[in-house]
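This chain uses plain numbering: 1 for the first residue, then up along the sequence.
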Amino acid sequence: QAQLVESGGGLVQAGGSLRLSCVGSGRTFDRYTMGWFRQAPGKEREFVATISWSGSRTYYTDSVKGRFTISRDNAKNTVYLQMNSLRPEDTAVYYCAADTLPYRSAPPITDYGYWGQGTQVTVSS
């Protein structure tokens, strides 16, 4: 099975920045759209951002637009989430995920079937 491993989380003050990384293995990475999701205690997992297999299309949830940037480096089998101007409400476990089918620019959120273990992001006030 495909494996995804996140890293880069940590504790940061409000207004600070973090860069999350997700390294994939077990599949041909460059043919799959990737996404970032997050889950806070007591809340459902929510969509954060997605980037198409080619890198040409991105989409963000409204609460992170202008602050977060998703990117990918297929040569390194890695997708990134650059998070700037962090707020306490961004505190959550962040997960990366891969589409279950190749070459789709905008798969349904429910079709991200490969998940990492998550990395904790904590933003203090």
Side-chain angles (χ1 to χ4, degrees):
Q1 296 182 4
Q3 297 185 49
L4 302 171
V5 180
E6 304 96 334
S7 63
L11 176 64
V12 65
Q13 293 183 350
S17 299
L18 286 172
R19 190 191 195 197
L20 307 184
S21 299
C22 175
V23 179
S25 63
R27 291 200 303 175
T28 304
F29 179 85
D30 62 1
R31 66 182 63 177
Y32 293 94
T33 289
M34 302 290 295
W36 284 97
F37 297 75
R38 65 187 181 186
Q39 186 170 25
K43 296 184 178 180
E44 295 183 353
R45 186 174 298 183
E46 66 172 339
F47 168 78
V48 176
T50 187
I51 183 167
S52 66
W53 65 272
S54 66
S56 63
R57 304 288 179 88
T58 60
Y59 182 79
Y60 302 88
T61 192
D62 287 343
S63 64
V64 307
K65 287 181 179 178
R67 300 189 298 120
F68 291 11
T69 302
I70 188 171
S71 62
R72 67 191 299 159
D73 185 341
N74 289 338
K76 297 181 179 179
N77 288 353
T78 302
V79 62
Y80 304 95
L81 186 67
Q82 178 66 47
M83 305 185 294
N84 299 326
S85 301
L86 283 163
R87 306 164 180 169
E89 53 264 41
D90 295 318
T91 296
V93 177
Y94 283 70
Y95 301 87
C96 67
D99 190 10
T100 55
L101 294 174
Y103 303 122
R104 296 199 295 180
S105 295
I109 294 174
T110 53
D111 281 7
Y112 290 88
Y114 299 96
W115 296 86
Q117 296 300 305
T119 184
Q120 177 71 49
V121 172
T122 302
V123 184
S124 64
S125 60

For [X], enumerate each residue passing the side-chain hydrogen bond (donor to acceptor under 3.5 Å, both in side chains) test, keeping only those at least two apart in sequence or located in another chain.
X	answer
Gln120	Thr122
Ser125	none
Asn77	none
Thr50	Tyr112

Rounded distance (nearest 0.5 Å) linking atom [atom1] of [X] with atom [atom2] of [Y]:
X	Y	atom1	atom2	answer
Tyr94	Trp36	OH	CH2	10.0 Å
Ile109	Glu46	CD1	CD	10.0 Å
Trp53	Thr33	CH2	OG1	9.0 Å

Under the rule for salt bridge (charged side-chain N to carboxylate O under 4.0 Å, His left out), what residues qualify as partners of [X], not counting sequence neighbours?
X	answer
Glu89	none
Lys43	none
Arg57	none
Asp111	Arg104

ask   = Taking the six-membered ring where the residue is Trp, are the ring centres of Phe47 and Phe37 under 6.0 Å apart?
value = yes

query = Looking at side-chain heavy atoms only, is the closest gap between Asp90 and Phe68 below 4.5 Å?
reply = yes

request  = With the side chain counted from C-beta on, respond yes when Thr69 and Tyr60 share a heavy-atom pair under 4.5 Å apart, and no when they do not.
outcome  = yes

ask   = Which pairs count as disulfide (SG to SG under 2.5 Å) when at least one residue sits in residues 24-56, sequence neighbours excluded?
value = none

Contact list for residues 33-112, test disulfide (SG to SG under 2.5 Å), sequence neighbours left out = Cys22-Cys96

query = Linking Ile, Leu, Val, Met, Phe, Trp and Tyr by side-chain heavy atoms under 4.5 Å, what else ends up with Tyr80?
reply = none

task = Determine, for Phe29 and Arg72, whether the Lys NZ or Arg CZ falls below 6.0 Å from the six-membered ring centre while staying within 45 degrees of the axis.
result = yes

Electrostatic pair Lys65:Asp62 at N-O distance under 4.0 angstrom = yes

message = Give me each pair satisfying side-chain hydrogen bond (donor to acceptor under 3.5 Å, both in side chains) with a member in residues 12-24, each pair once, sequence neighbours excluded.
response = Ser17-Asn84

